[in-house]
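Convention: sequence-line order gives letters A, B, ...; per-chain numbering from 1.
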Amino acid sequence: MDSSELYHVKQQFILGAYKTLIGMSLPDAESSDFIPILLYQARAHIALNDPKSALKLLPADSENVAIKAVTALAHYVDTEETEDKESALEELRDLSVEIEGDDIEGTDRDKSIVRVLAGIAFARAGEVEEALETLGIGTEDLEAVAVIVQIYLAIHRSDLAKKEFERSKRWAEDDLLLQLIESTISLVTGKDSYSDPLSFYTEQLGNPSLSSPHILTSRGVTRILRGEMSEAKSDLEESLDQQKGDADALAAYVVASGLQVQEPWTKLLATIPLHPLVKDVAFKETLFDEAAAKFAVPVMAEIGA
Amino acid sequence: MSVMLTKFESKSNRVKGLAFHPTQPLLAAALHNGSVQLWNYRMGVLVDRFEEHEGPVRGVDFHLSRALLVTGGDDYKIKVWDIRPQNRRCLFTLIGHLDYVRTVQFHHEMPWIISTSDDQTIRIWNSTSRNCIAVLTGHSHYVMSAFFHPKDDLVVSASMDQTVRVWDISGLRKGSPNTGPGNFETFDTFSTVKYVLEGHDRGVNYAVFHPTLPLILSAADDRTIKIWRMSETKAWEVDSCRGHFNNVSSALFHLKYELIVSCGEDKTVRVWDLAKRTAIQTFRREHDRFWVLASHPNLNLFAAGHDSGLIVFKLERERPAFAVNGDTLYYVRDKYVRSYDFNTGSDIGLLSVRKFGSPYVPPRTLSFNPSEKAVITTISSDNGIFELTSLPQQSQAEVKDSSVDGKRGSGQSAIFVARNRFAVLNKASQIIEVRDLSNTVVKTVKPPVQTNEIFYGGTSSIILSSTASVVLFDLQQQKTIAEINSPPVKYVSWSADSSMVALMSKHTITIANRTFTQSSLIHETIRIKSGAWDDSGVFIYSTLNHVKYCLYQGDHGVICTLDNPVYLTRVKGKTVHCLDRSARPRTITFDPTEYRFKLALLKNNYEEMLYIIKTSTLIGQSIIGYLQQKGFPEIALHFVQDTNTRFELAIECGNLEVAMETARTIDRPECWERLAQQALKQGNHKIVEKAYQQTKNFDKLSFLYLATGSTDKLSKMQKIADARGDPMSRFHNALYAGDVAGRIAVLRDVGMHPLAYLTAKTNGLEELAEEILEAAGLTAEDVDDVPAFGPSTLKPPPIVSQTTDLVWPVVSTGENFFDRALASGSLEGIESSFTNGDAATGSSSALDAWAQEEAEADINPEEDGWELDADAEEEPSADINGDVEVPEDDDLGAGANPGVDETELWVRNSPLAADHVAAGSFETAMQLLNRQLGIVNFVQLKSLFLSIYRSSHTYLSPVASLPPLQLHIRRNPTETSPGRVLPVAVLSLKLVHTELSEGYRFVSGNKLAEAQTAFRSVLRSLLLIALTSDNEAKLWRETVTAAREYLLAVSIELERRRIAEEDPGNLRRNLELAAYFTQCQLQPPHLQIALRSAIGVFSKANNQAAAARFAKRLLELKPDPKIVAQARQRIAAGDRNPRNAVDISYDEFTPFEICAATYTPIYKGSPSVRCPYTDAAYVPQFKGKLDPLTQLTEIGAAASGLPAPW
């Protein structure tokens, strides 16, 4: 059983209230909660795509495997150089091997965090197989399950995702993260008209001890999927109001605004030029040119002749 | 109320809190010693214990839908527990109360928990956020209880301050407080005291809402129970129930009846009439003070906790009284005798028995007399009475009351024993009276044993149930026919043909024949509730939680499980008719195959067994185990799907063919070895050979070939041995084959020169021997001390009879009835001998009926098949879905292959370009557009393609730092089948129509260039609309045509203006174009503009006649009066001067179309080519060119048009 403070931090992290989480003060360094909360804060920084702040937060000389893993992930996210990325990955690989041994510093929780972070980094690098292997199918760490499920979903294997989820249900019934996983799966499969995610996000929005623009974005996305565009738009506007420049919210706002309005799209292009949607559309653009070139366009009939 | 039926009792420390599980037979008891017990009251076992509270636990409650339990205790803590056995634990603790916690309760829909405490507060907690979300203050002493209203946002609380308070908490639901924990000031706004009920003279222990009525019940230390009523605006005391002579701890409303149940420290549980406020019943206990009461949320069950444990009790019997006659069930519900037709399901009330006995007690038994259409009911109130009433012949509008002509008498048990006689047992005096229909005693009989109940025992016989035996008693002869030892029999059920009877006790069933000469006994650990006979002579019975069957020799098994007990009335084919706890007829469908099969096996009725094998899918370990145990492995083989079991069974019954087949699938060395052994036993050396080959058992294989005299195979083995380089194998193969040279070669190869030499020598191969000697570096002299051996006679035995190709069976493979029948594949011949089988006539007729049912069942799937055909499209696409495609690597995890992207499904599911664009499959989309509408110039569509694609997908990152998930927006969110999902329709006709009106506005505003762009854009958008119905398609076509006409019109007018500006001399062309402009199909207001413009141009050019024509056309459109006046002037001018100064090519009286390139008329009948998309006409010379109107299509290209996939 986590202390209630840690429970709260974890809840914030899971529900994407990264800003709030970062703003919280750290407990006493002697406290057993110190490292876990520190880790969550660092991870929140990384999640906000601000790995530099995470690095600032993390003690560079720590022997704790989890801290090392977060540091490595921060480096990975931070750098653009292939070489540096590779060395960060290598570091995570080493750590995931290391935690299998006995004489390392860190609790079981730390070890799970190493696996989760390594899995995330591998998945980011496109090493799906390695990621899954590191995370360990059938694991009893819910965070790992969440990552596994998302990886499965990303490779369009919602069947496996569901299976993994069902398995976890046996030992983690009351967990918030499990509900989140269920919602995520439903977002992809569209079960019951996306009622799972909608009610989950709505319920969490009603949670008085938490405020997360991410959850608002998630509900907005869910509403887009349900075809409720105006409601989605209002959710997303509110979310963007609370957290400007949130990638998911901006991208979803493009969709919710429809075809007529160009402004959100240009804004997305300007603010997050590396968003998958931007990249994807750019790729499709070349695809279009290639495909269109296959059709010979005859000369136009002369007008008025 | 005369009964309090104790269902369960436990001994423990003092019980302070109780709660029933809403669905499972579980009861949570909070004890004074700090423990919380979880009892299964149906099985009577302690399921679990939760012991984390320090000090007494007072409050306990189950969550309505989740496996959660909440408890509150004197350690000021509220704990929420996961109660599932595999991970039961305390999930979290809510801390905040400053004194003992008294009661806790979950809200029925919100994630809320309400608690009360001696700290004078009531708190409401959010179990998701685990925060206290409200503190209700106002009570000035300990708060003893607080509960949510079952529907409204109200709370009722009871306190030692002598008040009961009702609180309004609707504010809590609406506003989610944004404050963190610890900020109490804001709480008050969410809940207000609605009423304060004052009236008790001492502290109030307990207060609850009525489940449906606006009533409140409170129990207090002033020894009274008070009933309060509330309206929207006020609440007031209605009445008090007085009778307890010490503190009343708890009081509850009965769920179904107008009753109150209460308990108190005076060691009593009391039942009160809610309407009259009078005591109905009191149950006393010797030493134990009662502390708490709980009622089951759905069932007629109560629990009371006292000083030394708890009791679970019912207030009335639930077993409905019923009797079955033919296809009709007569039963009692809510004190009405009703009839229910098993075939039609018609259910009618026939007779009221409301005035019979106590109003709160339903009749206990019912006996029906078909010839007189009369019933006898008995009731246990008033020391047991019976009533004989005739049922109305037809159902009447007003249901007859039994008191009209009912004949009553005292007696505990009464049944019809003949058409005009019935027997009545008087338990106290131990006398059985036989009465006639006028209720006159015709005979009095003294039963031979102490009798508790009597049952029908066949004509003029009765069955007497005694404490340790049942007696079949002849009433006429007044003698005992037979007696069987049995625990007290409670119910009796006769088979349809009255040949068998089932005598049911609490935990045993005795199955006996009609004379009680044969019987078998079945024990059940769970209480037996009821039973009925199947037509084929199988007894089906229900226990508390199962429906089971039992064969006459005592074999029994489970048919299905039950959530709640039912009372079986009739079994017919695959249907069990029963009455549920509230006496409503129900049916349960089940699969009788298993017991029918066992029955057939029991009767050696192979035909039926075969029939079952052929027609049903009887599988499962139990039946296989059963068959194996009974010594029928060969039959079991027919049921088994699992290859391993099949193999085992096949080996056991020597079915080598099956064994071979399965061994191949299993393909493990052990299997092949066992197969080889069994095949060897049976002499089937072909299979032995295969098995050896599979396991690469070369030595045994060689020996097998030797034994079967297969020389050629032996030589092959030699070659194999050579190839393997195994000298031992080479040697003995050579030996078996009688190949001396080979043998010597092996010996030489391995350097055993002495042996090689001797072998050569003894076989007379002198030369070779010399060679060996030389090779060994020796001469003949060196070996002259070796004794000389005579020539060897060693050679393989001659083959007398080559058995290679023969299988020489030693053991019969035992082809049995089933193999033959199944092999021949025909059942007809066998079926004809059906009636000659062992089956009794009764059962075989039942069987026929059943077979018929089966046949019907066979037809159904085929009908389904037809229906399925309609959806056949969907089937294959379901296959391509990732779910099914790669089942084998399901658990490979790390090696999981990527599945099918949803966009691929979209492409597969739709023939519409719009959907392909949304899926990002631009190339196929273009091909479709090209094929369907002849589009060639796609550059125009680029931004549209990209924005549609962009708007069909969205992204979300549920897990921090992982790349976001791409989510695909579907057209219909309720559709999840992979074979039907389609992308969202980004463009819709509605959207395009707004764009079109935009263009119209431009036209009206004379912004023609903008209008041209707008109409082109409309025509582009129209290409990418996903149509879903014929109506839409029609509308689409109309829109395309309208846009085309406008585009053409606008283009013509633009051309005219260009000419007017650049080539002012070309008046003729100017006039022509103005005239053509008016020929476009425009809406009246726009046509007016066209006409007015033409009038202006023509009159300026002095073509007055034509201008007048246009003016006339203008008038037809009924324009503004002002315009009308102008038009009339023009007409007048035309009349005055009816001639045209400039001659133009414009014949308005011959229908024509306008070429969209040259802007010249194409008169009807002249050749033209068309745009494959808009159907615009062109003069033939433009065939193959890009159409200038939309700039999209190739003029005259072949196109298939839009498909209609809906």
Side-chain angles (χ1 to χ4, degrees), chain A residues 43 46-47 120 123-124 129 132-133 137 146-147 150 152-157 159-160 163 171 173-174 180 184 187-191 193-194 206-209 218 221 224-227 248 251-252 254-255 258-259 276-277 281 284-285 287-288 291-292 295 297-305, chain B residues 82 87 91 128-129 131 133 176-178 180 882-883 893-896 898-901 920 922-923 926 930 936-939 942 945-947 949-951 954-965 967 969-970 973-974 976 986 1055 1157-1159 1178 1182 1184-1188 1191 1194-1195:
Chain A
R43 288 170 66 188
I46 300 173
I120 288 174
R124 278 181 82 118
E129 208 165 307
L132 290 174
E133 203 161 304
I137 304 303
V147 179
Q150 193 177 331
Y152 277 146
L153 291 176
I155 60 169
H156 318 298
R157 290 305 300 271
D159 54 327
L160 295 181
K163 199 167 272 182
W171 45 265
E173 199 254 342
D174 196 39
L180 181 84
T184 310
L187 278 180
V188 172
T189 59
K191 193 179 128 226
S193 313
Y194 306 98
N207 185 341
S209 61
S218 306
V221 168
I224 288 178
L225 293 173
R226 284 166 62 91
D248 285 345
V254 169
V255 177
L259 295 181
L277 180 61
V281 169
K284 290 291 177 193
E285 215 171 321
L287 201 71
F288 180 93
F295 293 88
V297 182
V299 189
M300 204 194 299
E302 230 173 297
I303 293 189
Chain B
D82 188 332
N87 48 350
L91 289 172
T128 310
S129 67
N131 286 331
I133 53 171
S176 48
N178 281 325
D883 289 18
V900 180
D901 194 345
F922 291 167
E923 190 165 348
M926 289 178 190
N930 182 260
V936 285
N937 187 14
F938 287 100
V939 181
K942 184 167 174 178
F945 266 51
L946 288 174
S947 56
Y949 175 74
R950 205 177 69 200
S951 291
T954 179
Y955 289 82
L956 186 66
S957 329
V959 175
S961 301
L962 269 185
L965 266 181
L967 300 169
I969 310 170
R970 291 176 185 162
T974 55
T976 56
V986 177
E1055 172 73 6
T1158 56
Y1159 306 138
Y1178 291 92
F1182 291 120
K1185 294 265 172 60
L1186 183 70
D1187 96 281
Q1191 302 172 357
E1194 182 188 321
I1195 296 168

Item to complete: Go through the steps to decide whether A/Lys284 and B/Leu946 satisfy the test side chain to side chain contact (heavy atoms under 4.5 Å, CB included), and finish with yes or no.
Response: CA-CA 7 Å; A/Lys284 290 291 177 193; B/Leu946 288 174; 3.9 Å; yes

Worksheet item: CD1/A/Ile46 to OG/B/Ser961 distance, rounded to the nearest 0.5 angstrom?
Response: 5.5 Å

Item to complete: Identify the two heavy atoms, one from A/Val297 and one from B/Val936, that lie closest to each other, and give their separation to 0.1 Å.
Response: CG2-O, 3.7 Å

Fill in: Partners meeting salt bridge (Lys or Arg N to Asp or Glu O under 4.0 Å) with A/Arg226 (sequence neighbours left out)
A/Glu228

Fill in: Shortest non-hydrogen contact between B/Pro958 and A/Leu180, atoms and distance
O-CD2, 3.9 Å

Practice prompt. Could you tell me which non-hydrogen atom of B/Ser947 sits nearest to which non-hydrogen atom of A/Leu259, and how far apart they are?
Written response: O-CD2, 3.4 Å

Discussion item. Between A/Ser218 and chain B, with a heavy-atom cut-off of 4.5 Å, which part of the residue counts as in contact: side chain, backbone, both or neither?
Written reply: both

Worksheet item: In Å and rounded to the nearest 0.5 Å, what is the CG to CZ distance from B/Asn930 to A/Phe295?
Response: 4.5 Å

Fill in: Flag, side chain of A/Gln150 to backbone of B/Leu962, donor-acceptor distance under 3.5 Å
no

Worksheet entry | Heavy-atom closest contact (A/Leu277 atom, B/Tyr955 atom, distance) | CB-CE1, 3.5 Å

Item to complete: Check each atom of B/Asp1187 against the heavy atoms of chain A and say whether the ones under 4.5 Å are side chain, backbone, both or neither.
Response: backbone

Practice prompt. Say whether, by atom type as modelled, one donor and one acceptor occur between the side chain of B/Lys942 and the main chain of A/Phe288 under 3.5 angstrom.
Written response: no

Discussion item. Tell me which of these, B/Thr954, B/Leu965, B/Val939, has more heavy-atom pairs under 4.5 Å with chain A than the rest.
Written reply: B/Leu965

Worksheet item: Is it the side chain or the backbone of A/Lys191 that comes within 4.5 Å of chain B heavy atoms, both, or neither?
Response: backbone

Worksheet item: Below 4.5 Å, heavy atoms only, C-beta onward: do B/Lys1185 and A/Val299 meet side chain to side chain?
Response: yes

Worksheet, complete the sentence: For B/Val900 and A/His156, the nearest pair of non-hydrogen atoms, with its separation, is O-CB, 3.3 Å

Item to complete: With sequence neighbours left out, write down each residue that passes salt bridge (Lys or Arg N to Asp or Glu O under 4.0 Å) with B/Arg950, or none if nothing qualifies.
Response: none

Worksheet item: Non-hydrogen atoms of chain B under 4.5 Å away: do they reach the side chain of A/Ile224, the backbone, both or neither?
Response: both

Discussion item. Given A/Met300, which partner from the list B/Asn937, B/Leu1186, B/Ile1195 fulfils the side-chain contact (heavy atoms from CB on, under 4.5 Å) test?
Written reply: B/Leu1186

Worksheet item: Any idea which heavy atoms bring B/Arg970 and A/Thr189 closest together, and the distance?
Response: NH1-O, 2.8 Å

Worksheet entry | Segment of B/Tyr949 engaging chain A (4.5 angstrom heavy-atom cut-off) | side chain

